Amino acid sequence: MIVGIGVDLVDIPRFEASIARTPKLLGRLFTASEQALKPHSMAARYAAKEALIKALGGSDGVHWTDIEVAAEPSGRPVFALSGETADTVTARGITAVHLSLSHDAGLATAYVIAESLAPDAAASTFAAKGGAT
């Protein structure tokens with residue numbers, strides 16, 4: 001059952017300017033292996049992290065460097081979660097997170113779907129936000 005969806009779009013030149021203006025952002029936002037990537041790939045990973053936070057319903061218990069965007073041997077992007085962020089995802093009953101990335105024409109985008117096997121995970125998320133009227 002889908003319990004969250006997130007999407008984010010990043011303007012790559014603007015992202016590059018932010019990193020150039022504030023180089024310390026790299027260490028706060030990315031793991032060491034992500035920092036070695038080209039700017040358009042880092043922008044896509046930034047979008048992925050933002051989209052994940054949206055799919056989770058907020059940033060409580062989520063830390064940027066606990067989220068790494070890795071790749072399967074096929075090249076398919078996947079999240080490698082660690083620390084408190086991995087614990088938070090598990091505590092929210094999320095059993096699978098799907099990620100799609102793209103970049104073109106100066107933009108990077110990410111789309112995330114969070115799933116749970118437990119049908120009440122979605123109901124509890126909905127109820128926490130005010131429920132139905």
Side-chain angles (χ1 to χ4, degrees):
M1 165 176 273
I2 295 174
V3 295
I5 298 172
V7 65
D8 197 64
L9 182 67
V10 174
D11 180 298
I12 297 171
R14 183 174 169 212
F15 173 82
E16 288 180 286
S18 294
I19 296 298
R21 194 172 46 252
T22 314
K24 289 183 180 182
L25 282 175
L26 288 175
R28 291 193 301 230
L29 299 175
F30 300 104
T31 64
S33 61
E34 290 173 323
Q35 291 178 44
L37 299 170
K38 294 182 179 184
H40 68 274
S41 292
M42 281 195 291
R45 280 154 178 78
Y46 178 82
K49 294 175 186 206
E50 284 280 358
L52 176 64
I53 290 168
K54 292 172 184 176
L56 295 176
S59 62
D60 290 344
V62 177
H63 303 281
W64 287 88
T65 55
D66 285 352
I67 306 167
E68 182 169 351
V69 178
E72 292 181 340
S74 67
R76 176 181 169 216
V78 293
F79 285 112
L81 304 177
S82 61
E84 188 179 351
T85 300
D87 296 340
T88 297
V89 168
T90 300
R92 293 182 186 179
I94 295 169
T95 54
V97 180
H98 307 278
L99 170 62
S100 180
L101 301 175
S102 186
H103 43 74
D104 188 30
L107 298 171
T109 189
Y111 189 81
V112 173
I113 298 173
E115 287 187 294
S116 173
L117 294 178
D120 27 2
S124 65
T125 300
F126 181 70
K129 294 187 178 186
T133 55

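The model shown is predicted, which means the values in this text are computed figures rather than measured ones.
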Inter-residue atom distance [X].[atom1] - [Y].[atom2], 0.5 Å rounding:
X: D104; Y: I12; atom1: CG; atom2: CD1; value: 8.5 Å
X: M42; Y: Q35; atom1: CE; atom2: CD; value: 7.5 Å
X: E50; Y: L9; atom1: CD; atom2: CG; value: 11.5 Å

Checking [X] side chain against [Y] main chain: does a donor-acceptor pair fall under 3.5 Å?
X: R14; Y: V10; value: no
X: E84; Y: H63; value: no
X: T85; Y: I67; value: no
X: R45; Y: F30; value: no

Please report the closest heavy-atom contact between [X] and [Y], naming both atoms and the distance.
X: S82; Y: T65; result: OG-O, 4.5 Å
X: H103; Y: H40; result: CE1-CD2, 3.0 Å
X: A71; Y: V78; result: N-CG2, 4.3 Å
X: G6; Y: A55; result: N-CB, 3.7 Å
X: L101; Y: A44; result: CD2-O, 3.5 Å
X: S18; Y: L25; result: O-CD1, 3.9 Å

Practice prompt. For D66, check salt bridge (Lys or Arg N to Asp or Glu O under 4.0 Å) against everything at least two apart and list the hits.
Written response: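 Result, salt bridge (Lys or Arg N to Asp or Glu O under 4.0 Å) vs D66: none returned.
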Shared hydrophobic cluster, [X] / [Y] (ILVMFWY, side-chain heavy atoms < 4.5 Å):
X: V97; Y: L56; answer: yes
X: F15; Y: L107; answer: no
X: V69; Y: L26; answer: yes

Worksheet item: Any side-chain heavy-atom pair from L52 and L81 closer than 4.5 angstrom?
Response: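 Answer yes - side chains close enough.
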Item to complete: Given side chain to side chain contact (heavy atoms under 4.5 Å, CB included), test V112 with K54 step by step and report yes or no.
Response: CA-CA 8 Å; V112 173; K54 292 172 184 176; over 6 Å; no
Worksheet item: Between W64 and Y46, how do the two ring planes meet: parallel, tilted or perpendicular, split at 30° and 60°?
Response: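 Taking Y46 first and then W64, their aromatic rings lie parallel (interplane angle under 30°).
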